[in-house]
Amino acid sequence: MRPAPADPTARPAASPHRAAPPARPRRPRASDRAPSFPRDSRLVNQAEALRAEIARAARALGAPDDSTPVLERPRDPSHGDWATNVAMTLAKPLGRKPRDIAEALLGAMDLPSVGVIAADIAGPGFLNFRLDPGFLARGLLPMLANPDAWGRHDIGHGERVVVEFVSANPTGPLHVGHGRQAALGDAISTLLEWTGWAVDREFYYNDAGAQIANLAKSTQARVRELAGQALEIPEGGYHGEYIREIAQAYIAQHPDDAAGDDLAAMQAFAVAALRHEQDLDLQAFGVKFNTYYLESSLYTDGRVNTTVDALRASGHTYEEEGALFLRTTDFGDDKDRVMKKSAAKGGDYTYFVPDVAYHVTKWERGYHRAINVQGADHHSTITRVRAGLQALDIGIPKGYPDYVLHQMVTVMKGGEEVKISKRAGSYVTVRDLIDEVGRDAVRYFYLMRRGDSQLVFDIDLARSQSEENPVYYVQMAHARMSGIFRVGEIDVATVTGEGVELAVLSEPAELELIKQLLDFPSTVRGAAENLEPHRVAAWLLETARAGHTWYHKHHVLGEPEDITRARLVLARATQLGLAAGLRILGLSAPERM
RNA sequence: GCGCGUGUAGCUCAGUUGGAUAGAGCGUCUGCCUCCGGAGCAGAAGGUCGCAGGUUCGAGUCCUGCCAUGCGCACCA
């Protein structure tokens, strides 16, 4: 069992005691994004260079300084490598026809300096650019020179953010919904790290309250059953097989209480056993948390009481029929919520009160951004927790914390829905999935869809080792690229691209692959800003496809030397790109399969 | 009834923050195996983007109203 709770002072905040810090926007929005164009020569890639040049020309024509040229890769290759719609968007502010503006822009741009070899005006005013192949391929060089930096951004400026996920009650093994949270939370955390945030992954244990009491009574029922009494699992208790195992272990270690009279001891024992079990589940899944926070500690250290007192003082509470209410309707809820039950109902605090106290600690621990990953069935907590934080009026911004909700998971096997697990009884566990299909496949399947669509986990597909399984398809692409260096006995460290004529990478499949790889940084950025790891999964699949296509069509080894040298650069870049994407999602990048 | 989601190819899903002829995988059909790994590749068919309005140069994407569907709406957590 871990020492609990996480020591809030273990990692000093930047300024934990600053009074009422300025509110931070919850997340960058399109409208917040500074239309900044790098003006130095160390541009991230060609796209940025081209964008900057378009912006420069646009300003020269009198466009407002904050106009942001949108650059995109046309679906139709005949439209060039990059296209922009600035001429259309500038039509109104400049009071000119889009096509006229497009023409003027072309005249004002220094095309060769950004690698453009052909540009034309199409349709209502699109500007299409075709890049010099060699110029395009040189965009891969920074990747080879510094693989660890490729795709990273500094959006967070090192600010601290806490991502809370899984946060299961220690009342049973983790179920498939927790698994989705684990995969999502871990990938979102990694994405935030890649974009310049100082991330802490936190697990909040609901180890207090009614569910834990139920756990204790369920354990007691099993202990007594083992002592020869009739089994009487209490209402709302836990029926899973694992409770019996815990009871057996309890009796073995507490021979003096074979009758099951010490409820407190059984509770402590069961919680410890299940926390250990959940740790093993997470270990099997490869998810690590920096901090664990125990709900029970909020009671023992007085934070719950402090929070309740502060809420009372805020004037947003009232008593009715012996219960204490928080007037959450002051903050957009549709009805007020009970904070403290009436004496007749036991007089306990309802669950969201410690939750509010807990989120106060997040703020006080210096996290001015907090993200909670939860199942959609916990949706109703959002309004309550936020209302509580607002009622306290201690400078916490309105949208704090941020929530990423995911929809339910159903598991399919043999064309039928799987609903039960042997050990847990009433639900399928993460461990069941990992045992069936392996960690990598579980992670990928969890992450390949948007969180807010329901997920059907197809065990048969996930365990199939063929091209129809996207995990194998992606990992195979990486293994193939690795295989080139293995077979050619080439040390990848020698593949730097320096002095290599990359213009020979002119085959359509090569250009396609290069452009796909160059998309990686913006994919990472978009995925991080929107907290949507599935974008990386989609990128991986497309990149793998482009890689397989290229690999099949063109040989790297055994070609004329200049071609081999250039293609080794592309193979290395593909290998690195795939490995980076896989790493973000928490998957391995095997060298051979 | 109210709140939050979701409705896109036969199936499972993307859709670059409003762009050009809506994409991918699987499935189906047609081809291709002496190759750095065929655990692969090339191609084809397949769509009134739930329905109806609206906003504008332009809508799968934004707005409104319906329809279907998932979750939630406790002095449970």
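Proteins come first, then strands; the chains are lettered A, B, ... in the order of their sequence lines, and each starts at number 1.
Ring planes of Phe457(A) and Phe445(A): tilted class, angle from 30 to 60°.
Counting any heavy atom pair closer than 4.0 Å across all strands shown, Val487(A) reaches sugar-phosphate atoms only and no base atom. Among the atoms of the strands shown, base atoms are found under 4.0 Å from some heavy atom of Ala323(A). Note on Ala83(A): a base of the nucleic acid sits closer than 4.0 angstrom, heavy atoms only. Across all strands, Asn128(A) comes closer than 4.0 Å to base atoms (heavy-atom distances). Contacts of Lys335(A) with the nucleic acid, taken as non-hydrogen atoms under 4.0 Å apart, involve only primed sugar atoms and P, OP1 or OP2. In this structure, His548(A) reaches the sugar-phosphate backbone alone: every heavy-atom distance under 4.0 Å involves primed, P, OP1 or OP2 atoms, never a base. Using a 4.0 Å heavy-atom criterion, one finds that Ser453(A) contacts the sugar-phosphate atoms exclusively. Among the atoms of the strands shown, only primed sugar atoms or phosphate atoms (P, OP1, OP2) are found under 4.0 Å from some heavy atom of Gly483(A). When heavy atoms are screened at a 4.0 angstrom cut-off, Met593(A) is found touching base atoms of the nucleic acid. Within the nucleic acid shown, His554(A) comes within 4.0 Å of at least one base atom, counting heavy atoms only. Note on Tyr551(A): a base of the nucleic acid sits closer than 4.0 angstrom, heavy atoms only.
As rounded to whole Å, 8 Å separates atom C1' of C4(B) from atom CD of Gln407(A). Note: CG (Asp452(A)) to P (G70(B)) measures 17 Å, nearest angstrom. In this structure, Asp334(A) atom CG and C4(B) atom C1' are separated by 12 Å, rounded to whole Å.
For the residue pair His79(A)/Asn128(A), the side-chain donor-acceptor check at 3.5 Å is not satisfied. Checking Tyr358(A) against Glu202(A) by side-chain atom types alone, a donor-acceptor pair falls below 3.5 Å. For the 3.5 Å distance criterion, the side chains of Thr410(A) and Glu417(A) fail to qualify, holding no donor opposite an acceptor.
Under the 3.5 Å distance criterion, the side-chain polar atoms of Arg384(A) are left unmatched by any main-chain donor or acceptor of Val353(A).
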- Using the side-chain hydrogen bond (donor to acceptor under 3.5 Å, both in side chains) rule, take Glu72(A) and Trp82(A) through it: C-alpha gap first, then chi angles, then the decisive distance, then the call. CA-CA 6 Å; Glu72(A) 55 182 20; Trp82(A) 290 103; over 6 Å; no
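With both ends at atom C1', the span from G31(B) to G58(B) equals 41 Å, rounded to whole Å.
The number of heavy-atom neighbours closer than 6.0 Å to CZ of Arg592(A), taken from other residues, nucleotides and ligands shown, is 12 or below.
Residue-to-nucleotide contacts include no donor-acceptor pair under 3.5 Å from the side chain of Asp348(A) to the base of A77(B). You won't find any donor-acceptor pair under 3.5 Å spanning the side chain of Asp377(A) and the base of G72(B), going by distance alone. Interface remark: the Thr350(A) side chain does not form any donor-acceptor pair with the C75(B) base, using a distance-only criterion of under 3.5 Å. Between the side chain of Asn530(A) and the base of U17(B), at least one donor-acceptor pair of N or O atoms lies under 3.5 Å.
In this structure the side chain of Val404(A) never reaches within 4.5 angstrom of the side chain of Asn372(A), judged on heavy atoms.
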- Note on the structure: Intra- and inter-strand pairing of RNA chain B, written as dot-bracket with Watson-Crick and G-U pairs under 3.5 Å and | for the latter, reads (((((((..((((.....[...)))).(((((.......))))).....(((((..]....))))))))))))....
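Outside the 6.0 Å centre-distance limit, the rings of Tyr205(A) and Tyr293(A) are not counted as a close aromatic pair.
Remark: Arg386(A) fails to qualify as a cation-pi partner of Phe331(A) under the 6.0 Å distance and 45° angle criteria applied to the six-membered ring.
Residues from residues 534-546 of chain A lying near RNA chain B, meaning a heavy-atom separation below 4.0 Å, are His534(A), Arg545(A) in numerical order.
Residue Arg337(A) has no polar side-chain atom (N or O) positioned under 4.0 Å from OP1 or OP2 of C73(B).
U21(B) adopts an anti glycosidic conformation, its chi angle falling more than 90° from 0.
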